[in-house]
Amino acid sequence: MTNGLDPVLPAGRTWRDWAVDAVLFCAAVFLGMVVLGVVEEQGELSGRMAELDPLLGLVACLALWWRRRFPLAVALIGLPAVALSTSALPAGAVIVTNFALRLRWRQALLTLGAYVVCMVPSGLLLYGRGADLFVDAVFCLAYLLTTFAWGHALRSRRLLLQRLRVDAERARAEHERRLADARRGERQAIAREMHDVLAHRISLLSVHAGALAYRTRQAQAGAGPALDSAEVAESAEVIRGSAHEAVEELQEVLHLLRAEGDGEPVSLLPRIEDIDSLVADARATGQPVDFHPELTADAVHELRSQLHRTVYRVAQEGLTNARKHAPGAPVSVCLAGGAGRGLTVEVRNELPASPGTDEAIPGTDEAIPGTGAGLTGLAERVRLDGGTLDHRVADGTFTLCARLPWSAR
């Protein structure tokens with residue numbers, strides 16, 4: 001199993017692992033026989049050790065098949081074989097490299113120490129003499145340290161590769177998260193724009209169509225004068241004009257969203273000057289609106305385009321909410337501010353006698369529908385521009401107030 005970045009045990013062998021293990025086993029057996037043959041020719045082994053040497057070498061070679069799953073056990077099994085058998089030296093090199101690669105550093109160092117303690121005096125047992133003990137000790141140390149260093153180098157490389165994989169996976173997950181956030185932000189931006197544009201125009205259409213239907217039913221019931229052809233044509237023209245403007249504004253919003261993504265300059269942004277047309281449309285439906293613009297034309301021209309749109313949407317949402325929730329009540333729209341003082345947009349309207357009811361379409365019992373998400377989306381829009389949005393009820397008056405930083409182009 002793998003613990004964090006510590007490659008200890010693999011999950012299972014692949015065909016490549018089997019091939020590598022087979023090659024190492026065959027190489028260890030062949031080289032062990034070569035070493036044993038050379039030593040026997042020189043006659044340096046005592047009689048009893050000459051008989052045990054091939055057996056111990058074979059044990060060390062066979063242990064290599066389990067080195068991946070049981071590195072510590074293989075190291076302990078191979079310790080006496082490597083210390084007492086010359087034919088086990090090639091297999092011992094693989095064993096030392098293996099435990100340096102797979103064991104944690106404390107276990108690996110302790111195991112290496114055990115190998116050093118056992119192998120340094122092994123010349124006395126192998127050759128029955130101590131004349132060349134110093135040479136044997138130097139050889140054993142060089143043998144162990146070289147193979148251990150090679151295993152440690154392989155371990156460091158594997159740790160580096162594993163860390164790079166983890167970092168790449170983390171970067172990929174972070175990229176996917178940012179991409180999901182960007183898509184979510186795009187959907188929210190589209191939803192805000194759709195609500196701001198369609199809610200205002202559709203509420204105007206509902207008021208005009210409802211008034212036309214109400215006058216028609218009143219005339220049919222004899223409770224009022226009949227509509228003449230000029231009035232019908234005028235009402236139809238108002239409805240057609242509102243629907244046409246809704247479609248145009250929808251197209252402008254879609255163009256705006258595409259242009260913002262490409263970083264292109266946008267000339268279709270609603271501007272503060274366009275609030276006059278909002279007020280005119282509201283007055284055309286019978287809504288009494290008092291507009292107080294306290295900004296000079298030069299000051300308005302200095303503001304960046306995004307701020308123009310936010311101010312326009314605040315005024316639009318305030319007028320739409322007043323028309324839905326307080327039909328016929330006077331509305332006040334105030335726009336003030338300047339450099340160093342910020343920009344304030346305030347929309348006030350008196351509340352109806354029975355609060356909590358939406359405006360009924362004239363001549364019906366149906367209220368103009370709403371999603372209830374207008375103020376939520378508006379607050380998000382204002383926050384993105386570095387401002388704050390406040391709405392409160394006091395003394396029978398609903399106040400919608402947005403405070404924005406003065407941001408010139």
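In this chain, numbering begins with 1 at the start of the sequence shown.
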query: Should Leu109 and Phe148 be marked as a side-chain contact (heavy atoms from CB on, under 4.5 Å) after you check the CA-CA gap, both sets of side-chain angles, and the distance that decides it?
result: CA-CA 9 Å; Leu109 289 178; Phe148 186 84; 4.0 Å; yes

- prompt: Considering only heavy atoms from C-beta outward, does the side chain of Val94 approach that of Arg67 to under 4.5 Å?
  reply: yes

- prompt: When rounded to the nearest 0.5 angstrom, what distance separates CD in Gln162 from CZ in Arg158?
  reply: 10.0 Å

- prompt: Which heavy-atom pair separates Leu56 from Ala81 by the least distance, and what is that distance?
  reply: O-CB, 3.4 Å

- line: Correct closest heavy-atom pair for Asn349 and Ala326 would be ND2-CB, 3.5 Å

- request: Locate the shortest heavy-atom distance separating Asp390 from Arg403; write the atom from each residue and the value.
  value: CB-NH1, 4.4 Å

message: With a 6.0 Å cut-off (strictly less than), is the heavy-atom count around CZ of Arg157, excluding the residue itself, greater than 12?
response: no

- prompt: Counting N and O atoms only, with roles assigned by atom type, does the side chain of His308 sit under 3.5 Å from a partner on the main chain of Ile272, one being a donor and the other an acceptor?
  reply: yes

message: Within the structure provided, determine whether Leu110 and Trp105 are in side-chain contact (heavy-atom separation under 4.5 Å).
response: no

task: Return the minimal non-hydrogen interatomic distance between Leu404 and Gly387, and the atom names on each side.
output: CD2-CA, 4.1 Å

query: Does the pair Arg178 and Asp181 meet the rule for a salt bridge (Lys or Arg N to Asp or Glu O under 4.0 Å), with working shown?
result: CA-CA 5 Å; Arg178 291 180 180 177; Asp181 291 343; over 6 Å; no

query: Taking the side chain from Asn98 and the backbone from Arg68, do they hold a donor-acceptor pair closer than 3.5 Å?
result: no

query: How about Tyr312 and Leu278: do any of their side-chain heavy atoms sit closer than 4.5 Å?
result: yes

field: Side chain Tyr115, main chain Leu144, donor-acceptor under 3.5 Å
entry: no

task: Take Leu101 and Trp150 through the test side-chain contact (heavy atoms from CB on, under 4.5 Å) and record every step on the way to the result.
output: CA-CA 8 Å; Leu101 169 65; Trp150 176 249; over 6 Å; no

- prompt: Mind checking whether Arg381 and Leu389 have side chains closer than 4.5 Å, heavy atoms only?
  reply: no

Note, Asp274 side chain near Arg271 side chain (heavy atom, < 4.5 Å): yes

message: Other residues, nucleotides and ligands only: do more than 12 of their heavy atoms fall within 6.0 Å of CH2 on Trp406?
response: yes

message: To the closest 0.5 Å, what do you measure between CE (Met119) and CG (Leu141)?
response: 9.0 Å

message: A side-chain contact here means heavy atoms from C-beta on lying under 4.5 Å apart; do Leu400 and Phe398 qualify?
response: yes

- request: Without swapping roles, check the side chain of Thr97 against the backbone of Thr147 for a donor-acceptor pair under 3.5 Å.
  value: yes

query: Can you check salt bridge (Lys or Arg N to Asp or Glu O under 4.0 Å) on Arg304 and Asp385, steps first, answer last?
result: CA-CA 11 Å; Arg304 60 187 179 90; Asp385 280 336; 3.4 Å; yes

- request: Could you tell me the separation between the CG atom of Leu79 and the CD1 atom of Ile95, rounded to the nearest 0.5 Å?
  value: 9.5 Å

- request: Assess whether side-chain contact (heavy atoms from CB on, under 4.5 Å) is satisfied between Cys401 and Thr344, documenting all intermediate values.
  value: CA-CA 7 Å; Cys401 182; Thr344 302; 3.8 Å; yes

message: Between Asp53 (side chain only) and Ser85 (backbone N and O only), is there a donor and an acceptor less than 3.5 Å apart?
response: no

query: Crowded around His175 NE2? As in, over 12 foreign heavy atoms under 6.0 Å?
result: no

- prompt: Does the pair Gln287 and Val331 meet the rule for a side-chain contact (heavy atoms from CB on, under 4.5 Å), with working shown?
  reply: CA-CA 8 Å; Gln287 187 179 22; Val331 183; 3.6 Å; yes

- request: Quick one: pull up CG in Leu72 and CG in Leu76 and give me the separation to the nearest 0.5 Å.
  value: 4.5 Å

- request: Could you tell me whether a side-chain N or O of Thr310 sits under 3.5 Å from a main-chain N or O of Gln306, the two making a donor and an acceptor?
  value: yes

- prompt: How far apart are the C-alpha atoms of Asp167 and Arg170, what are their side-chain angles, what is the distance that settles it, and do they pass the salt bridge (Lys or Arg N to Asp or Glu O under 4.0 Å) test?
  reply: CA-CA 5 Å; Asp167 292 342; Arg170 186 183 297 112; 2.9 Å; yes

Flag side-chain contact, heavy atom, 4.5 Å: Ile275 against Val311: yes

field: Point-to-point distance, once rounded to the nearest 0.5 Å, from CD of Glu317 to CG of Leu378
entry: 6.0 Å

message: So which atom in Ala63 and which in Val74 form the shortest heavy-atom distance, rounded to 0.1 Å?
response: O-CG2, 3.4 Å

message: Tell me whether Arg155 contacts the main-chain N or O of Leu103 through its side chain, where contact means a donor paired with an acceptor under 3.5 Å.
response: yes

Atom of Gly337, atom of Arg341 and distance for their closest heavy-atom approach: O-NH2, 2.9 Å

- prompt: Rounded to the nearest 0.5 Å, how far apart are CG of Asn321 and CD of Gln316?
  reply: 10.5 Å

- request: Could you tell me whether Arg106 atom CZ has more than 12 heavy atoms of other residues or ligands within 6.0 Å of it?
  value: no

- request: Take Glu174 and Arg172, measure what salt bridge (Lys or Arg N to Asp or Glu O under 4.0 Å) needs, and give me the verdict at the end.
  value: CA-CA 5 Å; Glu174 180 68 15; Arg172 187 181 301 109; over 6 Å; no

task: For the residue pair Cys334 and Glu294, establish whether any side-chain heavy-atom pair is separated by less than 4.5 Å.
output: yes

